[in-house]
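The structure under discussion appears below in the form of C-alpha cells.
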Protein chains: 2
Amino acid sequence: MAKRRTQADKSDASARKVLKAALSLFARQGFRATTMRQIARRSGLSVGNLYHHFGGKEEIFGQLIDQYWQVLLDPELPLNKIFSAARFPEDLEEMAAAIEQVVAENSAHILLIYIDVIEFKGKHIKAFYQQMADRFAATYAERLAARQEAGELGEADPLVAVMLATRWFFYFFTVEKCFGVPMHFGLDSHQAVHEFSKILRRGLDPRDVKNP
Amino acid sequence: MAKRRTQADKSDASARKVLKAALSLFARQGFRATTMRQIARRSGLSVGNLYHHFGGKEEIFGQLIDQYWQVLLDPELPLNKIFSAARFPEDLEEMAAAIEQVVAENSAHILLIYIDVIEFKGKHIKAFYQQMADRFAATYAERLAARQEAGELGEADPLVAVMLATRWFFYFFTVEKCFGVPMHFGLDSHQAVHEFSKILRRGLDPRDVKNP
DNA sequence: CAAAAAAAACCGAACGCTCGTTCCGTGAAC
DNA sequence: GTTCACGGAACGAGCGTTCGGTTTTTTTTG
C-alpha cells in the first residue's frame, strides 16, 4: 500500500532527498564551497530538477535553517520539557544531557548556524535568536524571581544563571560534536558535565561549612 | 629619512598591505567568497604581484592565522601576565577584562578561527589548540592544586574551573564582538562580567550564612 | 473506461560569468 | 647586467542558473 506513489509524494520525497544531501555537504564544506552539481549528484536528481523544487541554492540553505528552528521550537523536545518545568538549578545535569542530545542529533544543522554567521553575516538566524532570547526570559523570569525571593537560590541573578548554563553547555557540546574536538577539557563529556555542575552550583570560593 | 626605501622595505610593506586587506575581507566574507582580485584591489597591488609575494590564497590565510598565534603567545600580552600570576579566582574580573581586550583587538583574527573550522575542517588551528591546552594545564596544574590543598578554593577541580572561566569569557566576547550580537544577555558587558563572576565564585545554591 | 489534453517531475546541455593561477613584459634597484 | 617588485592580459576550469525537451502522472472529455 505504501508502494503507490502519488505525484505529491514523489515531489516531497525528492525535496527531502535534496535537503538531506545539501545538509551534509553544507555542514562539511560550507555554503560557497558546495555546488549545485554536488547536491544533485548526491541526491540522485538532475541539476535542472533542483531548480524545479527550489528557487536556488540559498533557498535550500534557508529551508535547512528552518528545519532546525522547528526542532528547537517543538514542545515535545526533551530540552523544552525541562525548560517548562523550570526546576533550575536542581535539573542542571538533566539539562546538560538534554542539550547534549540536541547537539548530537542536530550537529549538522548547528554547523549551519556558524556558516550563516560567517558567509551571510548571520542573515538567516539573527531574528530568530532575538525572539528566542525573549521567549526564554518570559518563561523563566517570574518563576525564578519567586524562587529567589523564597531563599531557594543564591544571590546571583537566576535568569543570567540559567542563560549562562544553557549557553555554556550548548557551546561545550558544539565544540565537541560539531567542531570535532572531543575531550577538550581532558575529560569525557560525562565527567565534564559533573565538574561544570559542581562549579555552577557550589562556586569556586570555599564554603564555610567545609572548613571546620 | 624614512623616505629612502630599500627593496626589502618595499617588499615588506607590500606584504603587510596584502595581509591587512586580506584580513578584513576574509573576516567579512569568509575564505572562498573572497577573491584574489578583491585582495589585490584593496591592497593597491596587482594580481600578479600577489603571487610574487605569496604562494597563493591559502598561504595568505595561513599567515594571518599565524599572526594571531604570535599575539596569543606573547608573554607581554596582559592576559598572559594574568595567567602567569595564577591568582585565580581572585582575578576573575581582571581576567575577563583582559580577554575582552584580546577579543576586541583581534576580532577579525578570531573570526578566521571559525572560518578555518568551517572551510578547512580546522586544518590550520587544530595542532595549535592542542598545544595551547597542554601549556595551560602545565602552567596551572601544580599551583592550583596546592592552593586547593590549603583550603583556599572550593571543592571543584580548580583546573577545570579556570578553563571553564577562560573559555566562557572568550566565547561570550566572541559572540558579542565578532558575531555582532551586543548585549546578548540583556546586559552590557560590564554588568554581564559582574554577574558571571558572582555565579562562578559563589555558585547558584544558597549559602548557609545567607539564611539567618 | 479509454483517449486526449494538461500539468508536473525530470533531465542534461548550454550560457554567461568569475574564479585561482600563470605568463610575459616593464621599469626600478642593486 | 642581473635581480626583483610589479602590472595586466590570458587560460582553463568551474560556478549558479536557464532553457528546451522528454517522461510520467493527473485531469478532462467523449
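Order of the sequence lines sets the chain letters (A, B, ...), proteins ahead of strands, with each chain counted from 1. All values below come from the heavy atoms of this structure, side chains included, with hydrogens, waters and symmetry mates left out.
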Hey, is the side chain of A:N49 poking within less than 4.0 Å of OP1 or OP2 on C:dA9, counting only N and O atoms? no
Does C:dC10 have its OP1 or OP2 closer than 4.0 Å to a side-chain nitrogen or oxygen of A:S14? yes
Presence of B:S11 side-chain N/O under 4.0 Å of D:dA5 phosphate oxygens OP1/OP2: yes
Could you tell me whether a side-chain N or O of A:R201 sits under 3.5 Å from a main-chain N or O of A:P89, the two making a donor and an acceptor? yes
Using atom CG of B:L50 as one end and atom P of D:dG7 as the other, report the distance to the nearest whole Å. 10 Å
The test is side-chain contact (heavy atoms from CB on, under 4.5 Å); show your working for A:I60 and A:M36 and say whether it passes. CA-CA 10 Å; A:I60 297 176; A:M36 291 298 268; 4.2 Å; yes
Under the side-chain contact (heavy atoms from CB on, under 4.5 Å) rule, what do B:F179 and B:L111 come out as? Steps first, then yes or no, please. CA-CA 8 Å; B:F179 296 170; B:L111 273 170; 3.8 Å; yes
Ordered by number, residues from residues 51-60 of chain A within less than 4.0 Å of DNA chain C (heavy atoms) are A:H52, A:H53
Below 4.0 angstrom from OP1 or OP2 of C:dC30, is there any side-chain N or O of B:T6? yes
Polar pairs (N or O, both sides) under 3.5 Å between protein and nucleotides 24-26 of chain C?
none

Carboxylate-amine/guanidinium contact B:K177 B:E100, below 4.0 Å: yes
Tell me whether the count of non-hydrogen atoms from other residues, nucleotides or ligands lying under 6.0 Å of NE2 in A:H194 goes above 12. no
Aromatic ring pairing B:Y68/B:H109, orientation class (parallel under 30°, perpendicular over 60°, tilted between): parallel
Distance, rounded to the nearest Å, where B:L25 contributes CG and C:dC19 contributes C1': 15 Å
Is the closest basic N to carboxylate O distance between B:E94 and B:K81 below 4.0 Å? no
Between atom CZ in B:F31 and atom P in C:dC19, what is the gap in whole Å? 13 Å
On a heavy-atom basis, the closest approach of A:V193 and A:A96 is CG1-CB, 3.6 Å
CZ of A:R32 versus P of C:dC17: gap in Å, rounded? 17 Å
List in numerical order all residues of residues 33-41 of chain B for which some heavy atom is under 4.0 Å away from an atom belonging to DNA chain C. B:T34, B:T35, B:M36, B:R37
Between B:K17 (NZ) and D:dA5 (C1'), how many Å, whole number? 11 Å
Which atom pairs, one a donor and one an acceptor, fall under 3.5 Å between side chains of residues 163-174 of chain A and the rest of the protein, sequence neighbours left out?
{"unit_1": "A:T166", "atom_1": "OG1", "unit_2": "A:V162", "atom_2": "O", "d": "2.7"}
{"unit_1": "A:T174", "atom_1": "OG1", "unit_2": "A:F170", "atom_2": "O", "d": "2.6"}

Side-chain donor-acceptor distances from residues 122-132 of chain A under 3.5 Å, at least two apart:
{"unit_1": "A:K123", "atom_1": "NZ", "unit_2": "A:E58", "atom_2": "OE2", "d": "2.6"}
{"unit_1": "A:H124", "atom_1": "ND1", "unit_2": "A:D116", "atom_2": "OD1", "d": "2.5"}
{"unit_1": "A:H124", "atom_1": "NE2", "unit_2": "A:E58", "atom_2": "OE2", "d": "3.4"}

Side chains of residues 13-27 of chain B: which donor-acceptor pairs under 3.5 Å do they make with residues two or more places apart or in other chains?
{"unit_1": "B:S14", "atom_1": "OG", "unit_2": "B:K10", "atom_2": "O", "d": "3.2"}
{"unit_1": "B:S24", "atom_1": "OG", "unit_2": "B:A21", "atom_2": "O", "d": "3.2"}
{"unit_1": "B:S24", "atom_1": "OG", "unit_2": "B:R42", "atom_2": "NH1", "d": "3.0"}

